[in-house]
2 protein chains.
Amino acid sequence: MAVTPLRERTRREIEQQAIVLFSDKGYLATSLQDIATAAGCSKATVLYHFTSKAAVLASVLEQPSALLAALLDEASQLPPAEAQERTINGFVDLGVQFRGLLNVLNEVIPSVLEIPELEGLVAAGDRLARLLAGSDDPEQIAMAEFAIHGLLGACRVEHLQYTEEQLRNLCVKATRRLLT
Amino acid sequence: MAVTPLRERTRREIEQQAIVLFSDKGYLATSLQDIATAAGCSKATVLYHFTSKAAVLASVLEQPSALLAALLDEASQLPPAEAQERTINGFVDLGVQFRGLLNVLNEVIPSVLEIPELEGLVAAGDRLARLLAGSDDPEQIAMAEFAIHGLLGACRVEHLQYTEEQLRNLCVKATRRLLT
DNA sequence: GTCTATACGAAGATAGAC
DNA sequence: GTCTATCTTCGTATAGAC
């Protein structure tokens, strides 16, 4: 148990290489052959460990998804005002931390409904908007969604010209302006 | 001249069907075969009129691109304060009018640098951010970019639940909050 | 000039040998 | 568990009918 079983080694290597390639070239521009070559195995081996290319993506997004879900669960149990505060800071932190993968997220959103493995993320997006909004006012929720898209776009495009700290401050400031 | 030449009929039909398909399923999920079938011709005919799939996209985006460029040219010649005002309203109008295609734009952005036909749009994005910002302050420009991404996302995701008027008001309000 | 027919390489995915 | 071989469909290219 202390030692990684052999059966998991290849799978992990595939996932790690996929993270690098997806962050670098994007999901669609990365082929199964690219992943296989980087991981030192064949295309068929990738599809043995993951049932499809979308399944590789889902696996790559598993950790950030879980962290987002945990944040939402935690914030849900706070009083409304604190919940909004916690959600803003936590979401910006997640966005900055996983900015390489946000690139991928944005890329895939248009067809996200056709990737069953990513349904959980869609649902999380709805919960996130409601918590950010801090109320059930439709306009406030729309502002929250505007903020989410702004953040995804900002982290994607500018992840090279700003430090993590600058990006975090910018996103928090913009989100507050939208939700006040 | 009053009558549409035959040579243009097929081309127009292809473009119209491409707009519908791109708006509905997205660019990447639409194949040349889909376009050809919808237009009532063969794949090769599509590629006779347009040199590649990317060229079809470029043609589809030609009108909104031209309108955006015209808006930026017009706003550039106004004094700073009016320029910002004009750019906000004009850009929101364009976003709402072509919201079906914004879907496509978002989808293609990650790899936009690899589609030569779309270089003009990238440059326009930079000009747009500077005009929206109304100054050369980097933070203000970052806010403008945040607003652009928010708008693209909002128009894309919510283009079914809101009327054009509601969407326009929402986007103007959000953009003002970010840029004030 | 306008189109159909056909072919090529690469993609995601599956079947079966080892 | 990993491979090779194979299937289908994609985007693209070209030859040639009308």
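No hydrogens, no waters, no symmetry mates; every other heavy atom, side chains included, goes into these values. Quick note on labels: first sequence line is chain A, next is B, and so on, each numbered from 1.
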Check: Starting at CZ of A/F50 and ending at P of D/dG1, how long is that distance when rounded to a whole Å?
Finding: 13 Å
Next item on the list: Could you please name the option among D/dT2, D/dC3, C/dT4 that lies closest to any side-chain atom of A/T10?
Entry: D/dT2
Check: Looking only at heavy atoms, which two atoms of A/A147 and A/T175 are closest? And how far apart?
Finding: CB-CG2, 4.1 Å
Check: Quick one: is C/dG1 close enough that its OP1 or OP2 comes under 4.0 Å of any side-chain N or O from B/H49?
Finding: no
Next item on the list: Find the distance between CD1 (B/I35) and OG1 (B/T45) and round it off to the nearest 0.5 Å.
Entry: 12.5 Å
Write out a two-atom table: protein N or O, nucleotide N or O from nucleotides 8-11 of chain D, distance below 3.5 Å.
from   : atom 1 : to    : atom 2 : distance (Å)
D/dG11 : OP1    : B/T30 : O      : 3.3
D/dG11 : OP1    : B/K53 : NZ     : 2.9
D/dG11 : OP2    : B/L32 : N      : 2.7
D/dG11 : N7     : B/K43 : NZ     : 3.3

Margin query: What is the separation between atom CD on A/E13 and atom P on D/dT2, rounded to the nearest whole Å?
Written below: 12 Å
Note to self: Under 4.0 Å from OP1 or OP2 of D/dT2: is there any side-chain N or O of A/S42 that close?
What the structure shows: no
Notebook entry, point to check: Could you state the CZ-C1' distance from A/R12 to D/dG1, rounded to the nearest angstrom?
Noted result: 17 Å
Notebook entry, point to check: Side chain of A/K53, backbone of A/T30: donor and acceptor closer than 3.5 Å?
Noted result: yes
Notebook entry, point to check: Just by distance, do the side chain of B/Q140 and the backbone of B/L179 share a donor-acceptor pair under 3.5 Å?
Noted result: yes
Notebook entry, point to check: Is A/E165 salt-bridged to A/R168, cutoff N-O under 4.0 Å?
Noted result: yes
Note to self: Quick one about B/S59 and B/E15 (side-chain donor to acceptor, distance below 3.5 Å, no hydrogens or angles considered), yes or no?
What the structure shows: yes
Checklist line | D/dC3 phosphate, OP1 or OP2, under 4.0 Å from A/T45 side-chain N/O | finding: yes
Notebook entry, point to check: Is any side-chain N or O of B/Y48 closer than 4.0 Å to OP1 or OP2 of C/dT2?
Noted result: yes
